[in-house]
Peer 1: 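First, the structure itself, so that you have it in front of you.
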Amino acid sequence: MSNRMWGGRFASGPAEIMEEINASIGFDKRLAPQDIRGSLAHVAMLGAAGILPAEDVAAIEAGLKSVRDEIEAGRFVFKRELEDIHMSVESRLTEIVGPAAGRLHTARSRNDQVATDMKLWVRDTLDSLDQQAADLQRALAETALKHAGTVMPGFTHLQSAQPVTFGHHCLAYVEMLARDRGRFRDARARLNECPLGAAALAGTSFPIDRHATAAALGFDRPTANSLDSVADRDFALESLAAASICAVHLSRFAEELVVWTSAQFNFVKLSDGYTTGSSIMPQKRNPDAAELVRAKSGRIIGALTGLLVVMKGLPLAYSKDMQEDKEGTFDALQALSLCLAAMTGMVKDLEPNADVLARAAGSGYATATDLADWLVRELGLPFRQAHHVTGRLVGAASAKGVGLEALSLSEMQEAEPRITDAVYAVLGVANSVASRTSYGGTAPDNVRAQAQSWIERLG
Ligand code: ARG
């Protein structure tokens, strides 16, 4: 049998494989709520513009609502031969309301319909990702407030660099997430133009009111060019790009959690709720959730790359290639949602091991910069020379296998005779972090103020 929706000029139906490669119903059925919303807005506009008689509009509206009920109740039977969600809904609508259903597709095409559906789905998803990112920010800011004075080593090159506070480290991710949320909001704002009414590619000769459908669907305005309307997938690309950057941020924190929970670091403890055991090694507490957050960034970036490659070189306007926008977008944005939720759970339960962190903060000559700064401040040495003197002292301490604070004053004075015992005050980790009061620095007072201001802003 030829296709009921477009089979007029076909003598026979599609080959089995044609149907298989062509059908998108397996994955676009999740667009049912958006598809029906779009159709309700479209048919109301057709009625208001006098394009359809009121009784047809009423019948179609009632029919669309029962299709929606059937889908919500799980009673709807999706059939591959109906290709996609648009034709599945219309076909069932025809069964329910009869030939009047055929008038719904006046002045539109599946091309503007699918672009509208996808935009509605992506828009809702961006809004919920933004909320989830805010939840994670809140969890991090609260942890930061609690641990504003908990010292830990700060790293560059994963080598102990300078002591920082645990709260400061948490707030670094709050800042990243703030930029992520800004990108979600930017993507949403640029996305928010309605393609519905662009029809197949050229617009329509019916006197439709695109401003009305745009407003009914919560868009700021209709899209301005019909070709661009059906050919544009920037909104998916941009959302995937924003999602990829956010996923990369989460992967960095996830990696830190993996490293920090190892027996060798032992910086933090994840709760039982966010670790798993091993079936053979009874001592194990594996950070699987963190590992999976780290890993899922791969498929999110993969979806962005995949869709960029699909879109590259596509001539205007719509091509069936664009049907391939869906699985990757759905999967990636859903994966990011799961990652944000898992991260929030881990952060809420996380327990830093303050003693271990303090010990580690003091090891590895992490206060060498404090010593150099002291030489500059107290003895007036140029920083380069202070750096050199400090380097000699680190060498001396390391040759003895001790920390800087274990060098005697006379050993210090061999490198620089003017050093006094006031220097020992800056070699302590607590003094070191407390002295970093520059704006954005790690001093506990700064961290406390920043954490508090984030908690207020996040509400
Ligand atoms: N299932 C299609 C998609 O997702 C809908 C649009 C089909 N348009 C067409 N001209 N065949 O892109």
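Both ligands and their constituent atoms are indexed starting at 1 by order of listing.
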Peer 1: What residues, two or more places apart in sequence or in another chain, satisfy side-chain contact (heavy atoms from CB on, under 4.5 Å) together with Thr276?
Peer 2: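 Checked Thr276 against side-chain contact (heavy atoms from CB on, under 4.5 Å); matches are Asn286, Asp288.
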Peer 1: Distances only, to 0.1 Å: what are the N or O pairs between ligand 1 and the protein that fall under 3.5 Å?
Peer 2:
| residue | atom | partner | partner atom | Å |
| --- | --- | --- | --- | --- |
| ligand 1 | 1 (N) | Ser24 | OG | 3.2 |
| ligand 1 | 1 (N) | Asp84 | OD2 | 3.0 |
| ligand 1 | 1 (N) | Gln323 | OE1 | 2.7 |
| ligand 1 | 4 (O) | Lys326 | NZ | 2.5 |
| ligand 1 | 8 (N) | Asn111 | OD1 | 2.8 |
| ligand 1 | 10 (N) | Asn111 | OD1 | 3.0 |
| ligand 1 | 11 (N) | Arg110 | NH2 | 3.4 |
| ligand 1 | 12 (O) | Tyr318 | OH | 2.5 |

Peer 1: Would you be so kind as to tabulate the donor-acceptor pairs closer than 3.5 Å made by side chains of residues 300-310, with sequence neighbours excluded?
Peer 2:
| residue | atom | partner | partner atom | Å |
| --- | --- | --- | --- | --- |
| Thr305 | OG1 | Ile301 | O | 2.8 |

Peer 1: I'd like to know if the side chain of Ser337 pairs up with that of Gln132 as donor and acceptor (distance under 3.5 Å, no hydrogens or angles considered).
Peer 2: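 Looking only at side-chain atoms, Gln132 and Ser337 do form a donor-acceptor pair, the distance falling under 3.5 Å.
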Peer 1: Please confirm whether Arg123 makes a cation-pi placement over Phe219, using NZ or CZ under 6.0 Å from the six-membered ring centre and within 45° of the ring normal.
Peer 2: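 Judged by the rule (NZ or CZ under 6.0 Å from the ring centre, within 45° of its axis), Arg123 counts as positioned above Phe219.
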Peer 1: Can you list everything that forms a ring pair (Phe, Tyr, Trp, His ring centres under 6.0 Å) with His147? Sequence neighbours excluded, please.
Peer 2: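 Only Phe166 meet the ring pair (Phe, Tyr, Trp, His ring centres under 6.0 Å) criterion with His147.
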Peer 1: When you measure from the centre of the six-membered ring of Phe76, is the NZ or CZ of Arg92 closer than 6.0 Å and no more than 45° off the axis?
Peer 2: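 No, Arg92 does not sit over the ring of Phe76.
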